[in-house]
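FYI, side chains are in, hydrogens and waters are out, and symmetry mates aren't considered; it's all heavy atoms of this structure. Model, not experiment: these values are computed from the prediction.
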Amino acid sequence: MYPVITVPAFNDNYIWLIRHENHCLVVDPGDAAPVLERLAALELQLDAILLTHHHHDHVGGVGELLGHFPHAKLYGPKLDPMPDHHGQWLEDGDQINWHGLALEVIHVPGHTRGHIAYYSEGMLFCGDTLFSAGCGRLFEGTAEQMYRSLERLAALPDDTLIYCAHEYTLSNLRFAYAVEPVNPAIQRQIGLISKRRQQGLPSLPSRLGDEKSFNVFLRCEADSVRFSAEKHALKCVENPIDTFTILRQWKDAF
């Protein structure tokens, strides 16, 4: 597996560097400064920039990085408005090949209309679609779109490591506990992640198979989650999409 380097940015963003020898690519560089600092410290050459969606905290550093590395290739979603630079704009099913690493493009609308994720060799770079113990807000898409997007990601192998773009895990776990207070996996994860954060360590990456045990947005077919959604909304829920819709609205106001 190719090494992945964590680069914290802003208050709670993560920028990811994938390394191969003295080459690297960067995922969602909202801020160029911490990326340039890490590249210099590790003496790495930036070959490529991968974007999952158009929000500024994911694309804001593109111009400065291309100024330092003008030959770096820029990739991003075809259906999102991208930075005004020459790039290769991607659709579902496209593939990027970088130093022997094949990255598959998965269209996951919901957070934005064109949001994409990149998957390869047990690694998923999913931007603001799937978080540890949570999922992204619905800024441009519908609840059904996000639910279907999460279904696609949940179908990946259980040993897939989730490299999402924000350190939201503890707040997401607090919401998960409100939804499923009797779920022991949620209680265990709160203890584990609390210790990691107290030590100054990131909560990520997270393993997809583990997420299925404590991420309530991946558990909308579970009776315990459905019952909690019905209790919160004071109405019967007919299908998992309705459960997801209630959970997302509940989390927005949590």
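- Judged purely by atom type and a 3.5 angstrom limit, Asp128 has no side-chain atom pairing as donor or acceptor with the backbone of Arg137.
- The neighbour count for Asn11 CG, taken as heavy atoms of other residues, nucleotides or ligands under 6.0 Å away, does not exceed 12.
- Every pair tested for ring-ring contact (aromatic ring centres under 6.0 Å, His included) that includes a residue from residues 61-96 fails, sequence neighbours excluded, so the list is empty.
- Other residues, nucleotides and ligands place more than 12 heavy atoms under 6.0 Å from the CD atom of Glu121.
- Using modelled atom types, one side-chain atom of Arg196 and one backbone atom of Pro202 make a donor-acceptor pair closer than 3.5 Å.
- For an aromatic pair to be called close, the ring centres must be under 6.0 Å apart, and Phe139 with His55 satisfies this.
- No side-chain donor-acceptor contact under 3.5 Å links Arg207 to the backbone of Glu211.
- Arg248 contributes a side-chain N or O that, together with a main-chain N or O of Gly136, makes up a donor-acceptor pair within less than 3.5 Å.
- Counted within 6.0 Å of NZ on Lys212, heavy atoms from surrounding residues, nucleotides or ligands total more than 12; the atom is thus considered enclosed.
- The heavy-atom pair separating Leu247 from Phe175 by the smallest distance is O-CZ, 3.5 Å.
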Identify every side-chain donor-acceptor pair in residues 19-26 under 3.5 Å, counting partners at least two apart or on other chains, and give the distances.
{"unit_1": "Arg19", "atom_1": "NE", "unit_2": "Glu21", "atom_2": "O", "d": "3.0"}
{"unit_1": "His23", "atom_1": "ND1", "unit_2": "Asp47", "atom_2": "OD1", "d": "3.3"}
{"unit_1": "His23", "atom_1": "ND1", "unit_2": "Asp47", "atom_2": "OD2", "d": "3.0"}

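- Aromatic ring centres of His166 and His58: separated by under 6.0 Å.
- Checked for salt-bridge contact, Glu167 and Arg197 meet the test: a charged N lies under 4.0 Å from a carboxylate O.
- Between His115 and His107, the distance separating the two ring centers is not shorter than 6.0 angstrom.
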